[in-house]
Each structure stands twice: as C-alpha cells, then as structure tokens.
Peer 1: 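Dropping the structure in here first, questions after.
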Amino acid sequence: MRISRLVTRTLRDDPPEAETASHRLMLRAGLIQQVAAGVYAYLPLAWRSLQKIEQIVREEMDAAAGQELRMPALQPLELWQQTDRDAAFGDNMFRLEDRRGRPLALAPTHEEVVTNIVKGNVQSYRDLPVILYQMQTKFRDEPRPRAGLVRVREFTMKDAYSFDADDDGLDDSYQAMAQAYRNVFRRCSIPVVMAEADSGAIGGKDSHEFLLPTASGEDTVITCPGCGYAANAEKAEGVYPSQETPDPLPLEEVSTPGIKTIATLAEFLGITEAQTLKAVFYAADGEVVFVTIRGDLEVNEVKLKNALHCNELRLADDEEVERAGLVAGSASAIGLTHIRKIADPSISDGGNFVVGANNPDTHYRNANYPRDFDADIITDIGLTQPGHRCAQCGATLESTRGVEVGHIFKLGTFFSEALGAFYLDTDGQQQPITMGCYGIGVSRILAAAIEQNHDERGIVFPPPIAPYQVHLVGLNMSDENVAQAAGDLYDRLWAVGIETLFDDREDAAAGVKFNDADLIGLPVRLVVSPRNLRQSAVEVRGRTADEAEMVALNDAVGAVRSSLGTAC
RNA sequence: CGGGGUGUAGCGCAGUGGCUAGCGCGCCACGUUCGGGACGUGGAGGUCGGUGGUUCGAAUCCACUCACCCCGACCA
C-alpha cells in the first residue's frame, strides 16, 4: 500500500476524548473511526490487523478440532424466550420487529442457535464430541461503552461451543480450549492471567477469564503471590480477618446524632469497623431486600445475585427504601419483618456488634446473631479484597485491574435440556448433551495488544498482527533516484510476500514521515534517501531498536527477512 | 438510570445581543525547501447539533430536544 493512496491520515494531536492508550493511539494512527457511542468503523489498517488476529484464532481453533461455521446475528426473539434468557439479558439485548411485527433480536451470543443446529445433527454418542465456532459480529446494548474498542456495543467475537457426552468429555474440551486460548494470546503478545470467574446465571460449574493486567482495565482480579491463585474479584475466595468472639453483653441503645456511614460510626464510638454490622438495601427484580455483612467487608453483588436467583440487582433507591420502612444510615435486621433478609456468615465472626436501631441517629451496641436478630438466608456474599488471605495457601492476596480478552464456561446441560438436544448413549438411553462455551473478543484483542505494546511515540505492533510488516520511507521522493530505488524495493518486497506500507508522499517532510512510522508502529522501517543512496544503501531499523543498520540496497530484502525473523 | 460536561470548517479550538463568524493544523495552486511534525504568496471550505421562542437584530438569551464524552452504577 502506498500512503499517498491510503484513505486514512494520522492525527497530529491526541484526541481529547480518548483516555486509554489504545483508544488514543488507534484514533491517532487512523485505525478506527467512531460512528456512534460504542460503535466503530474498522479502517483499512485496523481491518488488516483484525483479519490477522482472526486467522490466528482460526488456526488455534482448528488445531483444537474446532469446526468453523457462521450463524445469523438476526434471530427470532422466541428462541430466547425458550431458555428464558430474553429476561436474563433484558435491556442489554437489541430488539427490533420485522414488517409483520414479529419480534427479533440482534444476537449478543449464540448458545440457543448453535444448540438447535447440533440438535438436528447429533443423535448418537458416536457423533460426539463436537466443537463449533464462528467469527461473528455481536450486539450488546451496553449501558456505558468506553475506552475505544474495549467496551463497545457492536464487536467481533470468536465464539465456540463444545458438545460432549458427559462431564469427563467436557473437561477435555475445556482444557483443549484453554490451551488454544493461551496460544492465541501468546501469539498476539498479550500476557494474560487466567482467572477463575463467576459462571453467571446459567449455573455452569467452572468458568475462567483471560485478562490482560493493566491499570486501565475494567475488571478487578485477585491474585495470590504465594500459590498463583487468580480469580475475578466477583468470584474470588479469600479469608477475611477473623476476630475473637466476646461474651455477649446486653443490647443497649446509643445515640449517634448525624452518623450515617460505617466509617463515621466507628470513629464516633471509638471502635473498629469490624465491630459494626453494615446494612445495605437492594432491589432484586423489584423486590427490596435487606442485606447485612460485617462492617469492614463489602458486599459482592454477583454472589448476592446468585444467592437471590434474580435477573436484575441494583441498590434500592430512596423511595423504595422509604416505602419498605427502612432507615438509611441506622438500619439493622433487629425487629425487621415483612422483608427478606440476607446475611453474610461474617456477622458471627466477632460479637457485641454496633448496628442500626432502625431509628434515625440511633444505634444499638452488643447486637449478636441469632440472639437479637435473624436472617432468611445466610450465605457467603462477601467481596474478597486485597489484604485478605488466600484460601489455598494463606498468603496475603493482591489485586490488579485487567481487560478481559477471553472467557470460557462449562455450561453443563442447561441449554441442551431447555432446547431438547439429546443423544443416545451406549445403552440406548436418551441423555442431554453436555456443553461448554468459549469466547474471545477479537476486536478487543487489538485494543489489548496495543494497550500492552506501545511507547511514547506510538504503537509497537506485534509482528504477527501488524497490518504490514515493513514501513518503507522514501525521503525526498521528488528525487528521481530515490523514487526509482524506493519503488523498486517496494516491488521486490511484495514479490517475496513481505507486506509493505510505502510512504511515497512527495510533499511530506522527513520528520512527518518518521513520526507517522513510529505512530503506526510496523515492526521494521526502511529508509531510502539521497544520502543513503550515495552509498547504495538502505537503512533498516526495528520499531524498538536504538540504532539503525545500513544495508546494501541489493541485500535489503534479505535483511528485512532476517530482521523480521528475529522480531518474531 | 443518576450526576457532570461538550456540540461553531476535515481535526483542535476562540467567539457573553450589533457590520460579511474567526484562529491554528490540515486541504488546493505556484514557488523555494528536503534526515525527526519547513517557508512564502494566493485560494477553497461553515444550515454555529436540531426545533420552537424572546428581540429591530441570536452562535450568543429562554424552553424543549437530540447526539457525544466523563464519573458513578456504591455499602446509607
């Protein structure tokens, strides 16, 4: 490609709206252009890179016995009602109607469709296992898109689905996919952490996320420096600091004027936050529920959602709190009726807690479970935090932010049972197919790769996913000798299959060309100039190299080859 | 969904009721330059997000609306 003919141009200045490095650099280098909130056009340079990423994913999926297919993005809503995921996705699913008023959805994922496909084709255990995958545009009406390609409403996803006879088979498929994922991310120069994750409302057994650790990430990952344990914070199991259980004292009211938060309460009474119980009110599918946990701990909303088996969970608003007769700032389970109460086991770790008195400006001292209050559900709803201890080895847990680039699930038989995908086993008995699903955000890989691989000058493309391998710069292109030599070299490079971007602009100064080359960040830069031509040489320089190397014009192609070889 | 912010030329921005709406970059033409974001001369390019209103007069004031960005989805 000749830059004089390339439709996109680079931006001299940083776009003001872009916060994260990948977003900023993709806009500046002319990789993407925004069309709407969370909707981007992939411009020619990005598209070449994305096709390479897709090909890497394809090769690894094929190597793991995956069969590529392509399913429709446009799907009847009825299909989603059969598994009740119409409700589970809620507003996150784009909905529309056809001309007859028939409800349709733009697919956020494809379990329903793929299960129906397999249902019509697999009848016997002899037909299993099967792994199907596709590269496809997914639609999700995210509440808040952000950070360029990191969180968008339309994106390219590789989604794979495994079908096995039983859990042992699923384990094999799952391991094969996990290994394929590691290979993909290694080839794209994204150093991932594989972290345990919540399996969600579907209720599968295992689930793992692949995350790029970076400060700009959206997810919080809890890691253990002792044993290597890693889990998404919403899933992480840890041990919070335990404390002595004192002899119970009588319940006693205490005046706490103006005190509404745990921090001010503890300070006011001269106690630790762990000596209080925190009260939080949630709306679970519209029902206001009361949640309590030890004051120094946080509620893990994913665990809470799982415990309540609800689709939508959010904090209750002021009106709902008032209508439920709850007193924000001074609430506790004591004397509460007509409302579901969920408690974390931490309410029994310690004792003689300070809790709200369900009266403004008033708290109780010495509240103890179950003497003074009860709960309808007692289950782990605590958020594991850095500083807690690892459940496996006891080391102190740490946390990091991360961008999720892949996610794998063991689904079990939820979809096969709901949609009637059965096979006959060796005894001639009908059995539901055991499923797994495996997603990679292809477009997010591009963002993550740039997030990981850039410097102050621009992108540092990993060679396997670079749009072109070589950035050929002709300096002073109005000089006939330069135009001739650079043009010849360009043709020779392409002749041996080396993808080359040729800066043949006559009107751009050297500095402009060098800065653009650094910004776009192809692995190797070649410079043809009058100065170099006087020694019949061309300058070869890796994107991150300190020094350029002079090579005879005739040896340039070979030099590029070896340079790319070492760069890979 | 709540809060904050921004919409003026391709991009970045200025313009608080009064003449033909400006500046930088970019773009076009010619010339000079030519190894890390050159220079000169001349030019092209705007329904000021939209609708309605106030006014002799609106980019500017008011109302509504749309779009986009950021923060929060927050423990009381």
Side-chain angles (χ1 to χ4, degrees), chain A residues 7-20 23 27-28 30 33-40 90-91 141-148 153 218 256 258-265 273 276-283 290-301 304 312-322 324 326-332 342 344 355-356 358 360-361 363 381-383 385 457-458 473-479 482 503 505-519 525 527-534 538-539 541 548 550:
Chain A
V7 67
T8 54
R9 50 197 315 130
T10 54
L11 301 179
R12 183 175 287 235
D13 300 309
D14 282 339
E17 73 275 16
E19 300 288 319
T20 58
H23 188 197
L27 287 171
R28 270 196 70 192
Q33 188 165 317
Q34 187 175 30
V35 173
V39 181
Y40 286 87
D91 287 340
D141 196 359
E142 297 285 347
R144 187 150 96 82
R146 61 173 288 277
R153 299 192 296 169
E218 298 185 293
T256 52
I259 302 294
K260 283 180 178 293
T261 67
I262 291 294
T264 52
L265 177 66
E273 295 190 3
T276 71
L277 297 184
K278 180 181 287 185
V280 195
F281 321 130
Y282 281 91
F290 176 93
V291 178
T292 188
I293 189 168
R294 206 173 74 187
D296 60 321
L297 305 176
E298 306 283 320
V299 172
N300 179 331
E301 295 191 0
L304 179 59
E312 192 213 15
L313 183 74
R314 57 175 172 79
L315 286 171
D317 61 36
D318 293 346
E319 192 194 328
E320 288 167 329
V321 168
E322 200 173 322
L326 298 165
V327 181
S330 294
S332 75
I342 294 83
D344 186 78
V355 304
N358 297 317
D361 305 326
H363 283 78
I381 50 169
L383 185 68
Q385 295 175 285
R457 294 181 162 279
V473 176
L475 290 187
N476 200 347
M477 284 295 290
S478 53
D479 180 319
V482 172
D503 194 342
R505 291 175 292 180
E506 287 194 16
D507 54 353
V512 171
K513 294 188 172 192
F514 290 145
N515 281 313
D516 278 351
D518 290 340
L519 177 59
R525 189 184 79 187
V527 179
V528 175
S529 70
R531 198 176 80 187
N532 294 344
L533 282 183
R534 280 196 287 277
V538 58
E539 189 179 307
R541 179 176 188 161
M550 296 302 293

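All chains are named by letter (A, B, ...) in the order of the sequence lines, taking the proteins before the strands, and each is independently numbered beginning at 1.
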Peer 1: What's the closest nucleotide to the A:P16 side chain, out of B:C34, B:G12, B:G36?
Peer 2: B:G12
Peer 1: Using side-chain hydrogen bond (donor to acceptor under 3.5 Å, both in side chains) as the criterion, list what pairs up with A:R525, not counting sequence neighbours.
Peer 2: none
Peer 1: Using both distances under 3.5 Å as the test, list the Watson-Crick or G-U wobble partner of B:C27, or none.
Peer 2: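 Checking every strand shown, B:C27 finds its partner in B:G43, with both distances under 3.5 Å.
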Peer 1: Kindly give the atom pairs (protein nitrogen or oxygen, nucleotide nitrogen or oxygen) under 3.5 Å for nucleotides 71-73 of chain B.
Peer 2:
{"unit_1": "B:C71", "atom_1": "OP2", "unit_2": "A:R144", "atom_2": "NH1", "d": "2.9"}
{"unit_1": "B:C71", "atom_1": "OP2", "unit_2": "A:R144", "atom_2": "NH2", "d": "2.7"}

Peer 1: Quick one: the side chain of A:D518 and the base of B:G36, do they pair up donor-acceptor inside 3.5 Å?
Peer 2: yes
Peer 1: Hunt down the Watson-Crick or G-U wobble partner of B:U33, both distances under 3.5 Å, from any strand shown, or write none.
Peer 2: none
Peer 1: With sequence neighbours excluded, what pairs up with A:K278 under the side-chain hydrogen bond (donor to acceptor under 3.5 Å, both in side chains) test?
Peer 2: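 Partners of A:K278 under the side-chain hydrogen bond (donor to acceptor under 3.5 Å, both in side chains) test: A:E298.
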Peer 1: Counting heavy atoms from C-beta on, name the nucleotide in B:G35, B:G36, B:C68 closest to the side chain of A:L475.
Peer 2: B:G35
Peer 1: Establish whether the base of B:C34 is bridged to the side chain of A:S478 by a donor-acceptor pair shorter than 3.5 Å.
Peer 2: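 Pair found.
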Peer 1: Give one of base, sugar-phosphate or nothing for A:R541, where a contact means two heavy atoms less than 4.0 Å apart.
Peer 2: base
Peer 1: For a quick check of understanding: with a heavy-atom distance under 4.0 Å over all strands, which category does A:R505 fall into, base, sugar-phosphate or nothing?
Peer 2: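 Answer is nothing: A:R505 stays at 4.0 Å or more from every strand.
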Peer 1: Kindly point out which of B:G37, B:G35, B:C75 is positioned nearest to the side chain of A:Y282?
Peer 2: B:C75
Peer 1: Pick the P atom in B:C39 and in B:G46, then give their distance to the nearest Å.
Peer 2: 27 Å
Peer 1: Under the rule for side-chain contact (heavy atoms from CB on, under 4.5 Å), what residues qualify as partners of A:N532, not counting sequence neighbours?
Peer 2: A:V527, A:S529, A:E539, A:M550
Peer 1: Any ion pair linking A:D14 and A:R28 (charged N to carboxylate O, less than 4.0 Å)?
Peer 2: yes
Peer 1: Determine the Euclidean distance between corresponding C1' atoms of B:U6 and B:G50; express it in Å to zero decimal places.
Peer 2: 16 Å
Peer 1: How far does the C1' atom of B:C70 sit from the matching atom of B:A29, given to the nearest Å?
Peer 2: 43 Å
Peer 1: Determine yes or no for a side-chain-to-main-chain donor-acceptor pair under 3.5 angstrom, with A:Q34 supplying the side chain and A:A36 the backbone.
Peer 2: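 Between the backbone of A:A36 and the side chain of A:Q34 there is a qualifying donor-acceptor contact (under 3.5 Å).
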Peer 1: Between B:U60 and B:G49, how far apart are the two C1' atoms, rounded to whole Å?
Peer 2: 16 Å
Peer 1: How far does the P atom of B:C28 sit from the matching atom of B:C68, given to the nearest Å?
Peer 2: 32 Å
Peer 1: Determine the contact category for A:A36: base if any of its heavy atoms lies under 4.0 Å from a base atom, sugar-phosphate if only primed atoms, P, OP1 or OP2 are that close, otherwise nothing.
Peer 2: sugar-phosphate
Peer 1: For A:D479, answer base if it contacts any base atom (sugar-phosphate contacts may also be present), sugar-phosphate if it contacts only those atoms, and nothing otherwise; contact means non-hydrogen atoms under 4.0 Å.
Peer 2: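 No contact at all - A:D479 keeps every heavy atom at 4.0 Å or more from the nucleic acid.
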Peer 1: How many Å lie between NZ on A:K278 and P on B:C74, as a whole number?
Peer 2: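 Rounding to the nearest Å, NZ of A:K278 and P of B:C74 are 14 Å apart.
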Peer 1: Mapping A:R525 and A:E298 onto RNA chain B by nearest heavy atom, which one lands closer to the 5' end?
Peer 2: A:R525
Peer 1: Considering residues at least two apart in sequence or located in another chain, which fulfil the salt bridge (Lys or Arg N to Asp or Glu O under 4.0 Å) criterion with A:R505?
Peer 2: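 Checked A:R505 against salt bridge (Lys or Arg N to Asp or Glu O under 4.0 Å); matches are A:D503, A:D516.
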Peer 1: Paired with B:A67 by Watson-Crick or G-U wobble geometry, both distances under 3.5 Å: which nucleotide is it?
Peer 2: B:U6
Peer 1: Provide, to the nearest angstrom, the distance between the NE2 atom belonging to A:H23 and the C1' atom belonging to B:C68.
Peer 2: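 Whole-Å distance recorded here is 11 Å.
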Peer 1: At under 4.0 Å between heavy atoms, what does A:I293 touch on the DNA or RNA strands: base, sugar-phosphate, or nothing?
Peer 2: nothing
Peer 1: Go through the structure and list residues passing side-chain hydrogen bond (donor to acceptor under 3.5 Å, both in side chains) with A:D479, not counting sequence neighbours.
Peer 2: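 By the side-chain hydrogen bond (donor to acceptor under 3.5 Å, both in side chains) rule, A:D479 matches no residue at all.
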Peer 1: Rounded off to whole Å, could you give me the CD-to-C1' distance for the A:E506 and B:U32 pair?
Peer 2: 15 Å
Peer 1: Quickly work out the A:L27 CG to B:C68 C1' distance and round it to whole Å.
Peer 2: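 For the pair A:L27 CG and B:C68 C1', the rounded distance is 13 Å.
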Peer 1: Tell me: CZ of A:R534 to P of B:G35, nearest whole Å?
Peer 2: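 Computing the A:R534:CZ to B:G35:P distance gives 10 Å.
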Peer 1: Measure the distance from CZ on A:F514 to P on B:C34 and round it to the nearest whole Å.
Peer 2: 15 Å
Peer 1: Would you mind building the protein contact string for nucleotides 22-27 of chain B? One character per nucleotide, 5' to 3', B for base within reach (heavy atoms under 4.0 Å), S for sugar-phosphate only, - for untouched.
Peer 2: ---SSS
Peer 1: Would one find a side-chain N or O of A:Q34 under 4.0 angstrom from OP1 or OP2 of B:C69?
Peer 2: yes
Peer 1: How is A:R294 classified with respect to the nucleic acid when contacts are heavy atoms under 4.0 Å: base, sugar-phosphate, or nothing?
Peer 2: nothing
Peer 1: Measuring only the C1' atom in each nucleotide, how far is B:A21 from B:U16? A whole number of Å is fine.
Peer 2: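 Approximately 15 Å lies between the C1' atom of B:A21 and that of B:U16.
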Peer 1: What residues form a side-chain hydrogen bond (donor to acceptor under 3.5 Å, both in side chains) with A:T8, not counting sequence neighbours?
Peer 2: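 If we apply the side-chain hydrogen bond (donor to acceptor under 3.5 Å, both in side chains) test to A:T8, skipping adjacent residues, there are no hits.
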Peer 1: Applying a 3.5 Å limit to both distances, which nucleotide forms a Watson-Crick or G-U wobble pair with B:G22?
Peer 2: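 Check on B:G22: paired to B:C13, both distances under 3.5 Å.
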Peer 1: Check salt bridge (Lys or Arg N to Asp or Glu O under 4.0 Å) between A:R457 and all other residues, then give those that pass, not counting sequence neighbours.
Peer 2: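 Residues passing salt bridge (Lys or Arg N to Asp or Glu O under 4.0 Å) with A:R457: A:D518.
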Peer 1: Return whichever of A:A509 or A:G148 has its heavy-atom-nearest nucleotide of RNA chain B closer to the 5' end.
Peer 2: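 With A:A509 and A:G148 compared, the 5'-side residue is A:A509.
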Peer 1: If you measure from the P atom in B:C11 to the same atom in B:G7, how many Å do you get, rounded?
Peer 2: 14 Å
Peer 1: Between B:U51 and B:G15, how far is it from one C1' atom to the other, in whole Å?
Peer 2: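 Taking atom C1' in both B:U51 and B:G15, they lie 24 Å apart.
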Peer 1: As a test of reading the structure: which of B:G36, B:G37, B:C69 is closest to the side chain of A:D516, going by heavy atoms?
Peer 2: B:G37
